[in-house]
A.B. asks: 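Sharing a structure with you now.
Lettering follows sequence order; numbering is per chain, from 1.
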Amino acid sequence: MKAPDFSYVRPASLDEAIGLLVTHGESAVPLAGGQSLLTTLNMRLSAPELLVDISGLDELRGIDVDGGTVRIGALARHVDVATSPVVAEHLPLISEAMAHVAHVAIRNRGTFGGSLANADPAAELPACAVVLKATLVLAGPDGQREVAAGDFYQGLFETTRQGDELLVEVRVPVQPAGQLFAFEELSRRSGDFGIAGLAATGQLEDGGFADLRLAYLGCDDGPRLAAAVAAAVSGQGGPLDDRQIAEALRQDYEFSDVPGLSAATKVRLAAVLTRRALDRMRGAA
Amino acid sequence: MSDGSSDPTLPAGILDGDTAIGKRVPRESAKRLVAGRGRYVGDISLPRMLHLAFLRSPYAHAIIGDIDISAAAAVPGVTHVITGRQVAEVCAPLMGVAHHRPGHRSAPQHVMAVEKTCWQGEPVVAVLAESRAIAEDAAELIEVDWQDLPAVVDAADALSPDAPVLHAEMGDNLAFQFDVDTGDADAAFAAAHTVVEHDFRFDSQTPLTLEPRGLIADFDPSTGGITVHHSGQSPFQMQDILSENLGIPEHRVRVICPDVGGGFGLKVNVYGDEIAVAAISKIVGRPVRFLADRLESFVSDIHARDHVVTARMAVDADGAITAMEMDDLAALGAYGMARRFSVAEGMMAVTMMGAPYRFENYRARTRNVYVNKPLVGVYRGVGMPFACVAQEVLADKAAAALDMDPVAFRRQNYRRLDELPYTSPGGAKVDTASFAACLDKLTAAMDYDHLRAEQAELCGQGVWRGIGIATFIEQTAYGPPYYGPSLARISVQDGCTVKLEPSGKVRCITSITDQGQGTWTGIAQVVASSLGIPVDDVEIHAGDSATTPFGGGAWASRGMAIGGEAALKASLALRANILALAGAITQADPAKLALRAGEVVNMETGMASISLAEVGRVGYFRQDTLPGDFDVELTVTHNHAHNHQLYYTANGVQGAYVEVDIETGFIRLLGHWAVDDCGRIINPLMVDEQVRGGVVQGLGAALFEQCLYSEDGQLQNGTMADYLAPMAAEMPDIVVEHVETPEASTRLGAKGVGEAGTIGAIGVMWSAVNDALRPLGASIHHQPFTPERVLDALDRANAGSENGT
């Protein structure tokens with residue numbers, strides 16, 4: 001299919017971009033890497049009147065570390081994040097997750113901020129952002145505001161970003177030395193969206209898990225901390241029980257059937273991944 | 001068996017000497033296509049050409065009420081909005097009934113729906129505009145008063161007395177039933193030492209060519225003729241259909257197949273929407289282009305392999321197979337496929353069941369039913385994988401029941417060479433074969449004993465690996481006895497013209513087409529070898545119904561087997577003419593001359609006498625120097641058909657090594673081996689890659705691909721993100737080896753190889769995964785083997801309720 005007619009503008013500055021979003025309201029959408037938006041256009045699933053192409057705003061592109069915080073520009077491409085020494089050193093969970101983000105061709109164009117702002121519940125990076133307590137910086141007509149990743153996600157492709165705001169930067173606290181972490185995902189084919197996955201951080205105290213933060217992808221309508229799972233396995237030092245994890249998962253998330261995959265199987269796979277992630281973390285301690 | 005060295009009708013050395021035959025020659029078009037110089041239908045643009053988009057039925061089964069086109073017609077840039085009813089006025093409906101299959105029924109299929117639609121995706125209204133985007137904009141504005149009808153998508157449901165009936169005039173949905181009863185199956189099963197059985201389910205698939213379907217139809221009102229650029233496998237079949245359905249004299253229909261990006265059978269089927277494009281060009285008197293996009297491809301391309309099979313095998317105490325049984329139920333989609341019929345899948349399944357093995361007693365049935373889904377057509381392997389899967393899974397089960405090694409069980413039950421030729425209990429005719437030789441080569445290549453030892457050792461550590469073995473027969477290059485009685489006007493003869501150019505180079509004009517197989521390279525090798533010239537001195541011209549000999553095109557693994565033989569005949573005739581002319585020029589006895597390295601050579605002295613360029617120069621420009629009655633014939637055409645032979649029988653064995661993660665149900669492919677016997681190999685590079693590509697499509701079928709339909713007939717995964725095609729990262733290394741048993745009835749000795757990889761790979765995955773699950777008491781019954789289906793199989797075993805369903 002061919003995309004429906006739209007207008008296209010490539011603003012030279014952030015202010016100009018936000019001005020366009022203010023002027024055109026809901027009929028305008030920002031275009032960054034285009035790896036999700038262009039597909040929905042070509043399938044005629046969305047029909048915005050104006051694409052505001054922000055990919056020329058180089059000031060939104062860098063990756064650096066400032067004290068205890070890694071700052072990732074919203075337009076940093078997946079390939080930049082995946083190959084960044086700063087990310088590898090200070091955000092190893094994200095480095096591990098990047099291996100699961102789509103294919104090389106998509107990573108070469110898709111952006112870090114685009115993935116976070118798109119809020120696809122099957123995407124890897126939103127789960128990482130929630131677990132790592134990232135702060136999202138949004139720029140709008142009234143200036144900038146900061147939102148915790150945990151508050152940003154509101155459901156299926158829904159966030160607290162207003163239509164006239166742009167995600168400009170992501171600030172992620174450096175993972176402390178000795179923090180345990182793991183990213184696990186099952187996808188039918190390499191590079192596909194996961195049918196289930198999780199990002200996890202935590203500690204071992206007295207042989208049991210503590211400070212666990214777990215967020216899942218592909219399991220519900222968005223990344224939220226799985227409090228019941230964390231509570232169920234906290235303090236445990238021995239072999240984990242898949243059934244117990246699965247029960248907790250059902251408290252944390254609503255699983256539903258999709259064509260070819262039942263909710264029951266998805267819970268089961270998520271429980272296996274949880275056990276594998278935690279086993280791996282224990283092994284690294 | 002023929003062999004070049006001993007075939008007295010062949011000049012020495014053509015097949016077995018140091019010629020191009022048997023060399024790994026790269027595909028002639030590879031460089032051009034990689035350089036971006038390919039010319040596909042989408043690259044062709046004609047003056048005043050219009051772009052067409054279809055409004056397709058959103059319902060699987062619905063009455064078409066009033067159609068309001070006013071808003072669509074008013075869109076700027078739209079030139080015409082044309083309904084199915086208007087097209088039906090100039091275009092006869094299609095009819096997919098095989099006359100050689102008594103009882104086969106279908107209903108007339110309008111090329112665009114007129115009164116009702118029978119599947120989601122059936123074309124209903126065509127919009128013509130200055131661009132495809134405008135046509136799509138306008139198509140969204142068409143309003144149709146749909147009256148939704150109950151739909152049926154499952155074959156068993158479609159046979160129920162209260163099922164919705166697709167074609168009222170038929171009374172029910174049963175399209176065709178065929179029964180086989182050979183020997184005394186009841187007595188053999190009753191007397192058996194052991195009986196094993198298995199139920200199989202295969203989800204429907206679609207072939208997924210990289211380049212979707214498309215065509216440009218250009219009807220010329222001034223001549224009454226039509227030229228069509230078509231992404232297809234057979235310009236001749238398309239020419240015949242357009243002539244018949246549009247009432248245009250055949251010699252005024254010209255069909256050109258430019259570069260075509262993949263066929264796999266998909267593009268030899270007959271599509272109503274493509275015929276409609278030609279009819280619409282006739283209506284509007286302008287060139288019209290239609291290119292299917294990926295989304296509409298999923299609901300308008302053929303689907304395939306929608307089968308439910310149950311099968312049994314009886315063996316005696318010594319492990320000899322005594323009987324088999326197969327019951328096949330196939331969903332055909334909404335209509336019989338014009339000229340290709342759709343019943344071939346079921347017929348091949350029951351005919352070929354057990355064909356490599358010695359047994360006497362057999363009962364089988366195939367029932368084919370219409371459902372509200374896209375038409376089923378011939379797809380790489382057609383029905384042969386069902387026979388392979390069923391016989392191989394049962395062989396494994398029988399071997400396990402008798403505590404025999406599955407390789408030993410197969411070797412014991414294979415037909416021996418001294419039993420050739422034979423007809424299997426299902427009716428498959430086998431003239432030449434090499435089952436045991438292939439199996440020996442396979443077990444050596446995969447180091448079978450080592451893998452078995454490793455499997456046993458890892459099993460004790462909770463790692464579940466499986467080894468699969470699958471033997472198959474590939475019926476290649478179907479012949480006149482099959483298609484002739486069907487009255488389908490499918491040509492199975494092919495022609496080849498070879499022409500010496502004045503420079504001594506050669507043009508070869510073949511009726512065989514090539515969608516990526518590399519057949520043209522092989523044909524050039526045959527020509528080059530026969531004429532003693534480098535392959536690079538041969539230029540191939542093909543894919544044009546007006547300028548090439550009439551023929552079949554590419555399907556049923558026939559290109560080299562038939563087209564190669566035609567090329568050999570034509571080239572040898574041209575060789576004789578060249579030598580005669582050279583004899584006249586040099587006043588030598590042509591019988592003492594040969595062609596070598598572009599020169600005419602005196603065989604007695606070994607000395608070159610004159611070059612081919614000199615032959616060409618004299619032949620075309622200096623006839624004045626020749627004897628007065630000497631006819632120069634430097635363009636020769638020959639054809640090949642195997643008038644009384646059903647097909648050329650190829651065979652092979654594949655092996656696979658897999659690991660099943662019993663926690664997630666994921667299957668990892670550790671290794672894949674294919675030993676194939678396709679007769680004489682003209683180009684090992686092309687043959688190896690044909691096998692590998694076929695294997696990958698078979699692995700896709702077994703592990704990934706499925707058209708998921710809702711109960712009301714909506715395709716739920718019609719995008720490339722949701723329909724999982726096999727991708728490189730998941731594929732194992734595929735080792736390919738060969739046994740060469742030349743086809744006995746031809747001089748070239750080539751058989752087909754296009755479908756071997758797919759047939760064997762599907763069979764070997766059923767064998768391997770069930771082998772991995774066997775120690776756990778589990779078995780799998782439903783393809784593709786999704787993680788969920790593997791876990792369900794394990795759960796059934798754990799619940800102790802393994803009941804074979």
Side-chain angles (χ1 to χ4, degrees), chain A residues 1-6 35-36 39-45 47 99-100 102-106 120 122-123 184-197 218 240-243 245-246 255 257-277 279, chain B residues 51 53-54 75-77 129 131-137 139-140 203 291-297 661-667 700 703-710 714-731 782 784-792 794-795:
Chain A
M1 288 167 80
K2 307 294 182 192
D5 260 357
F6 55 81
Q35 297 305 289
S36 299
T39 308
T40 65
L41 289 179
N42 284 337
M43 293 171 77
R44 295 195 171 219
L45 295 172
H100 296 272
H103 304 274
V104 168
I106 293 173
D120 188 323
E184 288 282 343
E185 179 179 316
L186 279 174
S187 57
R188 293 287 304 282
R189 302 174 304 178
S190 168
D192 282 356
F193 278 118
I195 56 180
L240 298 168
D241 176 12
D242 283 7
R243 283 176 196 279
I245 296 171
F255 291 84
D257 295 342
V258 294
L261 186 65
S262 71
T265 301
K266 190 166 266 200
V267 176
R268 177 179 186 163
L269 295 176
V272 170
L273 291 179
T274 307
R275 172 168 48 78
R276 288 181 178 179
D279 283 350
Chain B
H51 300 259
F54 286 106
V75 171
S131 75
R132 168 81 184 212
I134 293 172
E136 286 182 18
D137 287 343
E140 288 182 350
D203 283 348
L291 299 176
D293 72 29
R294 187 53 72 186
L295 296 181
E296 68 183 333
S297 294
D661 180 336
I662 63 167
E663 291 185 346
T664 62
F666 274 58
I667 296 165
L703 300 179
F704 295 108
E705 298 185 49
Q706 54 184 151
C707 296
L708 288 165
Y709 271 88
S710 67
Q714 297 289 315
L715 182 62
Q716 297 177 296
N717 63 334
T719 75
M720 291 299 287
D722 302 308
Y723 181 98
L724 304 185
M727 306 263 280
E730 280 66 49
M731 292 300 105
H782 196 166
F785 309 146
T786 65
E788 181 157 276
R789 286 174 182 163
V790 173
L791 292 174
D792 286 350
L794 291 163
D795 287 352

A.B. asks: Using only atom types and a distance under 3.5 Å, with no angle test, would you say the side chain of B:Glu136 pairs donor to acceptor with the backbone of A:Lys2?
C.D. replies: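 Checking the backbone N and O of A:Lys2 against the side chain of B:Glu136, a donor-acceptor pair under 3.5 Å is found.
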A.B. asks: Compare all side-chain heavy atoms of B:Asp137 with those of A:Arg44 and state whether any distance is below 4.5 angstrom.
C.D. replies: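 SC-SC contact between B:Asp137 and A:Arg44 confirmed.
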A.B. asks: Rounded to the nearest 0.5 Å, what separates atom OG in A:Ser187 from atom CD in B:Glu730?
C.D. replies: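 Interatomic distance, A:Ser187 OG to B:Glu730 CD, rounded to 0.5 Å: 7.5 Å.
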A.B. asks: Under 4.0 Å between a side-chain nitrogen and a carboxylate oxygen: does that hold for A:Arg188 and B:Asp722?
C.D. replies: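 No, this pair does not count.
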A.B. asks: Who pairs with B:Phe54 by ring-ring contact (aromatic ring centres under 6.0 Å, His included), at least two apart in sequence or on another chain?
C.D. replies: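 For B:Phe54, the residues satisfying ring-ring contact (aromatic ring centres under 6.0 Å, His included) (neighbours in sequence not counted) are B:Phe290.
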A.B. asks: Between B:Leu708, B:Leu295, B:Leu724, B:Asp293, which residue shows the highest count of heavy-atom pairs closer than 4.5 Å to chain A?
C.D. replies: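 Result: the option with the highest number of such pairs is B:Leu724.
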A.B. asks: Given A:Arg268 and B:Asp795, is the side chain to side chain contact (heavy atoms under 4.5 Å, CB included) satisfied, shown in steps?
C.D. replies: CA-CA 12 Å; A:Arg268 177 179 186 163; B:Asp795 287 352; 2.7 Å; yes
A.B. asks: What part of B:Glu296 gets within 4.5 angstrom of chain A, counting heavy atoms only: side chain, backbone, both, or neither?
C.D. replies: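 Contact with chain A is absent: no heavy atom of B:Glu296 under 4.5 Å.
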A.B. asks: Quick one: pull up CG in A:Asn42 and CZ in B:Arg294 and give me the separation to the nearest 0.5 Å.
C.D. replies: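 One gets 14.0 Å once the value is rounded to the nearest 0.5 Å.
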A.B. asks: Given a strict heavy-atom distance threshold of 4.5 Å, which part of A:Leu269 is in contact with chain B: side chain, backbone, both, or neither?
C.D. replies: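 When you check distances to chain B, only side chain atoms of A:Leu269 fall under 4.5 Å.
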A.B. asks: As an exercise: rank A:Val258, A:Leu273, A:Leu261, A:Asp192 by heavy-atom pairs under 4.5 Å with chain B and give me the winner.
C.D. replies: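 Among the listed options, the one with the most contacts to chain B is A:Leu261.
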A.B. asks: Atom CG of B:Asp792 and atom OG of A:Ser262: how far apart are they, to the nearest 0.5 Å?
C.D. replies: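 One gets 7.0 Å once the value is rounded to the nearest 0.5 Å.
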A.B. asks: Report which part of B:Met731 has an atom under 4.5 Å of a heavy atom belonging to chain A: side chain, backbone, both, or neither.
C.D. replies: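 For B:Met731, there is no contact with chain A at all, as no heavy atom is under 4.5 Å.
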A.B. asks: Can you check whether A:Arg276 reaches B:Thr664 side chain to side chain, under 4.5 Å on heavy atoms?
C.D. replies: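 Yes - at least one pair of side-chain heavy atoms lies under 4.5 Å apart.
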A.B. asks: Among A:Gly260, A:Pro4, A:Gly191, who wins on heavy-atom pairs under 4.5 Å with chain B?
C.D. replies: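 Ranked by contacts with chain B, first place is A:Gly260.
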A.B. asks: Determine the option with the most heavy-atom pairs under 4.5 angstrom with chain A, choosing from B:Ala135, B:Ala292, B:Ala721, B:Ala725.
C.D. replies: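 Looking at each of B:Ala135, B:Ala292, B:Ala721, B:Ala725 in turn, B:Ala725 comes out on top.
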A.B. asks: Could you look at B:Ile134 and say if it's the side chain, the backbone, both or neither that has a heavy atom under 4.5 Å from chain A?
C.D. replies: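 Answer is neither: B:Ile134 stays 4.5 Å or more from chain A.
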A.B. asks: Sequence neighbours excluded, which residues qualify as side chain to side chain contact (heavy atoms under 4.5 Å, CB included) partners of B:Pro784?
C.D. replies: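 B:Asp203, B:Gln706, B:Thr786, B:Arg789.
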A.B. asks: With a 4.5 angstrom heavy-atom cut-off, which part of B:Thr719 approaches chain A: side chain, backbone, both or neither?
C.D. replies: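 Side chain only.
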